[in-house]
There are 2 protein chains.
Amino acid sequence: MATGNDNQTAARRHQRVRRQHSNELAQDYVEAIYDLIEAGQVARVTDLQEIFGVTHVSVVRALQRFEKRGLLDRSGDGLQLTDEGRKMAAASAVRHNLVVDFLRAIGVSETQAHADAEGLEHHISDETLAAMKRLLEAKLKIKN
Amino acid sequence: MATGNDNQTAARRHQRVRRQHSNELAQDYVEAIYDLIEAGQVARVTDLQEIFGVTHVSVVRALQRFEKRGLLDRSGDGLQLTDEGRKMAAASAVRHNLVVDFLRAIGVSETQAHADAEGLEHHISDETLAAMKRLLEAKLKIKN
DNA sequence: CAAATAATGTAGCACAGGCTACATAACCAA
DNA sequence: TTGGTTATGTAGCCTGTGCTACATTATTTG
């Protein structure tokens with residue numbers, strides 16, 4: 001076919017998805033920490049444990065990895081993001097919000113839009129994001 | 001906010017994403033095997049190794065797990081799907097194709113649509129899928 | 001036929017990301 | 001002050017999903 005469905009192309013696509021997976025948790029963590037700080041709270045292990053629905057042990061282990069990766073700083077009282085962590089969080093937030101808005105715009109319920117966005121946001125290319133943004137703006141224009 | 005952003009809700013969303021992840025590989029495998037068989041080929045370890053871009057060892061280990069889960073049968077010459085495996089493959093294929101068509105419809109390139117669909121298809125709820133289908137049909141109507 | 005190649009398998013390692021069980025430390029309350 | 005509760009940490013286990021290294025078997029080819 002003309003769809004680029006040879007094995008090599010498929011392999012590249014699957015490798016990309018695996019790369020995306022290995023970044024998902026980090027993005028979710030920095031985003032959660034970012035949101036907590038934005039809300040004027042001190043970001044703690046306990047908060048993350050509740051947000052992600054895992055034990056505090058899983059949170060601590062993840063935070064250790066992410067600290068090593070230079071995304072955050074656990075030396076002080078609450079969790080702090082590094083510049084890189086904040087950058088990643090901001091990018092994730094933009095992506096996340098755009099996906100939610102887009103899903104809402106095509107008629108998905110608030111609840112489901114938020115739920116789906118959680119999984120989808122990590123697998124959307126810049127090109128697709130741009131397409132969603134275009135459609136979102138076009139749709140808004142129609143509504144006015 | 002009214003978006004259901006309390007911790008418990010967030011936890012449920014993240015737990016759902018983790019469940020989706022634990023099924024992704026199985027879905028990708030049965031879909032690949034299904035496609036090979038549909039194309040009149042004998043599905044072999046080698047094919048999957050090329051399609052997924054991993055070593056044959058990773059394929060063999062994955063196949064062992066999926067055989068235990070009752071999704072496929074490795075007793076014969078080529079790989080065969082069980083009824084359950086075939087059912088999963090068919091469902092995945094429908095989802096996958098709809099996502100590709102939808103992305104194409106909103107202006108994403110063929111190449112990128114196929115690439116993104118690979119990651120997205122596992123995280124889309126029935127509700128969102130239905131919304132995409134509606135928009136797809138509406139768009140087609142406009143085009144005619 | 002003998003040697004190379006392809007296909008498949010096993011052994012054993014690494015890392016991510018879950019978990020329980022157990023140890024502290026700090027704080028709060030009777 | 002002593003005894004629970006909360007927050008955080010470590011030790012150590014499991015599973016999934018990658019990997020390399022090393023068989024084995026079948027097929028192909030000089």
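Residue numbers start from 1 in every chain, and the chains themselves are labelled A, B, ... in the order their sequence lines are given, proteins ahead of strands.
- Proximity of a side-chain donor or acceptor of A/Arg104 to a complementary backbone N or O of A/Val108 within less than 3.5 Å is detected.
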Just distance, no hydrogens or angles: give the donor-acceptor pairs under 3.5 Å from side chains in residues 32-42 of chain B, sequence neighbours left out.
none

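- Looking at A/Arg86, its side chain never comes within 3.5 Å of a backbone N or O of A/Gln80 through a donor-acceptor pair.
- No donor-acceptor pair under 3.5 Å is formed between the side chain of B/Ser58 and the backbone N or O of B/Val54.
- For the residue pair B/Asn23 and B/Gln27, no side-chain donor N or O sits within less than 3.5 Å of a side-chain acceptor on the partner.
- For the OP1/OP2 pair of C/dC15 and a distance below 4.0 Å, the side-chain nitrogens and oxygens of A/Arg65 include no atom meeting the criterion.
- Nucleic acid contact class of A/Glu24 (heavy atoms, under 4.0 Å, all strands): none.
- Atom CG of B/Asp28 is separated from atom P of D/dT17 by 10 Å (rounded to the nearest Å).
- Distance, B/His122 NE2 to D/dG16 C1': 16 Å, rounded to whole Å.
- The nearest whole Å value for the distance from the CD atom in B/Gln64 to the P atom in C/dT8 is 13 Å.
- Phosphate contact (OP1/OP2 of C/dA16, side-chain N/O of A/Ser22, threshold under 4.0 Å): absent.
- One can place CD of A/Gln27 at 16 Å from C1' of C/dG17, the figure rounded to the nearest angstrom.
- Checking side-chain atoms of A/Gln15 against main-chain N and O of B/Gly53 turns up a donor-acceptor pair under 3.5 Å.
- Within the 3.5 Å criterion, the main-chain N or O of A/Arg74 finds a donor-acceptor partner in the side chain of A/Glu67.
- Out of D/dC19, C/dC19, D/dG18, the shortest distance to the side chain of A/Arg18 is found at D/dG18.
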Please tabulate, one pair per line, each protein N/O and nucleotide N/O from nucleotides 11-13 of chain D that are separated by under 3.5 Å, including the distance.
unit_1	atom_1	unit_2	atom_2	d
D/dG12	O6	A/Arg61	NH1	2.8

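- The CD atom of A/Gln20 sits 17 Å away from the C1' atom of C/dA16 (whole-angstrom rounding).
- Using a 3.5 Å distance cut-off with no hydrogens or angles, the side chains of A/Glu24 and B/His21 do pair a donor with an acceptor.
- Remark: A/Thr55 is in phosphate contact with C/dC19, judged by side-chain N or O atoms under 4.0 Å from OP1 or OP2.
- Rounded to whole Å, atom P of C/dA7 lies 15 Å from atom CG of B/Leu63.
- Note: CZ (A/Phe52) to P (C/dA16) measures 17 Å, nearest angstrom.
- Enclosure of atom CD in A/Gln8 is not indicated, since only 12 or fewer non-hydrogen atoms of other residues, nucleotides or ligands lie within 6.0 angstrom.
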Hey, what are the protein-to-nucleotides 6-8 of chain D N/O distances that come in under 3.5 Å?
unit_1	atom_1	unit_2	atom_2	d
D/dT8	OP2	A/Val45	N	3.4
D/dT8	OP2	A/Thr46	N	3.0
D/dT8	OP2	A/Thr46	OG1	2.7

